[in-house]
Amino acid sequence: MEENHKPATSSSFKKGDDKEESSEVVKPEKETKSEQPQSQDIDDKEKEERAGIKHTLQKSYDDIETFLSKLENDAEAPDIPDFVHKYVDLVEKKLSKHEPLFHDDGSFLKVVDQISRLYKHLSDSDKAPLINRIGQIQQQAMCYLEDEFRSLLEEPDLKQEVVADQHGEDQSTLDQSKEESNFSGYSYQVIPKLNKIAKEMIFGGYESECCEAYMVTRRNIIDETLNKLGYEKISIDEAQKMQWEVLEKNIPPWIKAFKQCTKVYFSNECRLVETVFSGYPSLSTNLFSNIVRGVFLQLLNFVEAVATIKRSTEKLFKFLDIYDTLRDNLSSLDGVLPKWAEELRNEMTTTRCRIGEMAIFIFCDLENAIKSDTEKTPVPGGAVHPLTRYTMNYLKYACDEYKETIEKVFKDHSKIERANSTNKPRSYEGDSEKNKYDDENQSPFVGQVLRILDLLDSALEAKSKLYKDIALSCIFMMNNGRYMLQKIKSSAEIHQAMKDTWCRKTSSDLRNYHQTYKRETWMKLLGCLNVEGLNVNGKVVKPVLKERFKSFNAMFDDIHRTQSLWVVNDKQLQSELRVSISAIVIPAYRSFLARFSGYLDPGRQTEKYIKFQPEDIETFIDDLFDGNSGSMSRKKP
């Protein structure tokens, strides 16, 4: 369409009279008074002229309709009567005044329809000048229609477009939003106008202009609507240059936009285009295809961009959110997209598989995180290692919040997981001991969790050897083992998935560490209370007895001072340890004291060698594992 044939937009023509009247109102009072009679005469004259043209157009309408009937029915074209020329003059005059008369009575559309039919039926005649005039008039009229078409399309109520988002994402709300959306925000008064304009432009040979106006305008409106949801286009290059914290903030708006598109916008767009272009099914299908394809591929491109960034374990859950969104909304998309959209379904499936594959890689990278922790400094006091806390909290959150999704991902992509040993470390795959959790009746995800726990346990065992004190290394293993066990038991999802095999094994290991700890510490202390060698020829050897008391006092004092600095944060484990220590130490000490204290001279000798009463031992045992400096200040006098 040539630029010089396009007049100003029709909205300006429709409001021309109002602008003239308003311009007179704002003039200064003096000037208005001086010019009022002259302006009034001009207005009256214009009104009369307009009314005359309209009356003449209406009068000519029937004559033109009769003439067109003859053109459509007669094999030979009749002579062109004078009223055709007059009619063309009237229409041209009306258009030259920039007044398309687009009223609800459809008078302008009737005129355009007749002009299009005249041009169509006279194009083969020898009346070239008349045909050219009619063609120019038609082009100008179509410009008006195109402007009006755009103007109506550009003014939807965008608040109705996002109504579903204001109430949440449940299906009932989304269904309600479809009813409230009134054809993507357009009122039922506007839709018939759009339909009539579309039909007239297509009939007049301006199908491409009409379709382009519709497609460009609707695509811009959808982009604007998605913008209001916070969604922004991000290319692969932009994503790779972004900090993860910045890119991460763009994922929730993308999820919102994708859900709105698949559950609301696309279905509304389908209804709108089918209504506006009713009677032209193939045209409406092509328009809907082009609009939806553009928006849909734009949304999938965002996912492709996210999938190209560098992997790290903290990104897993956002990847799973994206995977969930793509999976959960596939059925909604199936209800909107017809058979021709198989390409888009395939694109969506491919993108979902890629993001799922990346999620598997990231989850399996947790193994690398464990292996790469080569810190050689032992944790003070044998406390829970940061690696244990990170790994177990990570697994617990993954299972509590994403277990169903992750299991689905692993099942869908188990072949990829096993095939790509480069991206997922499997140095132990040939080891039957390490593969003891690989059960064909067990989900791939649970098997991966068990492998991670097994690897963590091995890493902790290696770190326990950093402690020179065997007893402290046992406390370290008990702390970490109990922490792992409590995290598993506190998560119903992971506990149910893993059943009791791992828990029974870990509990057994904890009991073994407990026994080793008691043997390395308290059984050695009880060696000081050994009665062997105290009796010689039926008599208690006092120097030996004094040495036994002295050794016990020194060793217990050292144990208390040292192990008060050790840490057991789990209150239940702390209590179990103290109770078990008291159970073996206090009865043995009480018995030894009752049997041999009388052999020491009362007074200074007794006070020197008997520093603790059984009650004192119990009090000091309660100081252990608090992480505080041990003190004998609470010893009874």
Side-chain angles (χ1 to χ4, degrees), residues 1-16 53-54 57 60-61 64-65 67-68 71-72 84-85 87-125 127-155 190-218 220 273 275-280 282-284 286-287 290:
M1 190 179 300
E2 296 179 4
E3 189 67 22
N4 58 344
H5 287 298
K6 285 193 176 182
T9 61
S10 60
S11 57
S12 65
F13 304 139
K14 289 189 287 184
K15 300 178 182 179
I53 292 175
K54 185 176 180 180
L57 280 173
S60 302
Y61 180 80
I64 295 297
E65 197 63 34
F67 177 68
L68 285 169
L71 287 175
E72 293 167 352
V84 172
H85 294 277
Y87 179 74
V88 172
D89 290 340
L90 288 170
V91 174
E92 188 174 35
K93 187 174 182 180
K94 193 64 181 174
L95 291 176
S96 68
K97 290 182 174 291
H98 297 185
E99 295 173 3
L101 273 179
F102 197 118
H103 297 305
D104 290 337
D105 61 4
S107 57
F108 181 65
L109 283 175
K110 291 178 181 178
V111 171
V112 175
D113 179 66
Q114 286 189 336
I115 290 294
S116 294
R117 288 160 66 195
L118 281 172
Y119 184 75
K120 178 180 178 181
H121 291 293
L122 293 178
S123 58
D124 294 332
S125 69
K127 307 295 183 181
L130 178 61
I131 294 170
N132 289 338
R133 281 189 66 203
I134 293 174
Q136 291 174 357
I137 292 171
Q138 184 200 34
Q139 185 182 44
Q140 190 176 4
M142 289 300 172
C143 286
Y144 286 128
L145 288 183
E146 184 180 346
D147 289 340
E148 185 68 21
F149 195 62
R150 287 182 188 275
S151 178
L152 291 172
L153 283 171
E154 286 172 351
E155 298 177 0
V190 170
I191 296 298
K193 292 182 180 180
L194 290 169
N195 175 249
K196 289 176 182 178
I197 295 174
K199 285 183 176 179
E200 197 56 55
M201 291 186 72
I202 293 169
F203 176 76
Y206 284 75
E207 175 183 314
S208 60
E209 288 82 357
C210 180
C211 291
E212 182 182 359
Y214 182 89
M215 191 164 58
V216 171
T217 306
R218 283 304 303 161
N220 289 340
V273 72
T275 306
V276 172
F277 292 91
S278 62
Y280 303 95
S282 113
L283 197 61
S284 62
N286 287 336
L287 282 170
N290 290 331

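Nothing fancy with the numbering, it's 1 onward along the sequence.
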(message) The criterion is side chain to side chain contact (heavy atoms under 4.5 Å, CB included); which residues satisfy it with Thr217, sequence neighbours excluded?
(response) Arg150, Leu153, Glu154, Ile221
(message) Once side chain to side chain donor-acceptor pair (under 3.5 Å) is applied, do any residues pair with Ser208, and if so which ones, sequence neighbours excluded?
(response) none
(message) Against Ile197, only a single residue in Lys199, Met201, Glu200 fulfils side-chain contact (heavy atoms from CB on, under 4.5 Å); can you say which?
(response) Met201
(message) Whether the side chain of Gln138 engages the backbone of Tyr119 through a donor-acceptor N/O pair (distance < 3.5 Å, no angle test) should be reported.
(response) no
(message) With rounding to the nearest 0.5 angstrom, report the CD to CG distance, Glu212 to Leu287.
(response) 11.0 Å
(request) Output yes when a side-chain donor or acceptor of Asn195 lies under 3.5 Å from a complementary backbone atom of Ile191, and no otherwise. (result) no
(message) Less than 4.5 Å apart, side chain to side chain, heavy atoms only: is that true for Phe277 and Ile202?
(response) yes
(request) In sequence, state the C-alpha distance, the side-chain angles, and the governing distance for Val276 and Phe149, and then conclude on side chain to side chain contact (heavy atoms under 4.5 Å, CB included). (result) CA-CA 11 Å; Val276 172; Phe149 195 62; 4.1 Å; yes
(request) Kindly compute the distance separating NE2 (His85) from CZ (Arg133), expressed to the nearest 0.5 Å. (result) 8.5 Å
(request) Could you check Ile115, Leu118, Asn132 and say which one makes a side-chain contact (heavy atoms from CB on, under 4.5 Å) with Ile137? (result) Ile115
(request) Salt-bridge test for Arg117 and Asp113: reply yes if a basic N is under 4.0 Å from a carboxylate O, no otherwise. (result) yes
(request) To the nearest 0.5 angstrom, please state how far the CE atom of Met215 sits from the CG atom of Asn286. (result) 10.0 Å
(request) Search all heavy atoms of Gly204 against all heavy atoms of Met142 and return the closest pair with its distance. (result) CA-CE, 3.7 Å
(request) List the atom of Ala198, the atom of Cys210, and the distance in Å for their closest heavy-atom pair. (result) CA-SG, 3.8 Å
(message) If only side-chain N and O atoms count, and only distance matters, is there a donor-acceptor pair under 3.5 Å linking Glu207 with Tyr280?
(response) no
(request) Keeping the roles fixed (side chain from Ser116, backbone from Val112), state whether a donor-acceptor pair exists under 3.5 Å. (result) yes
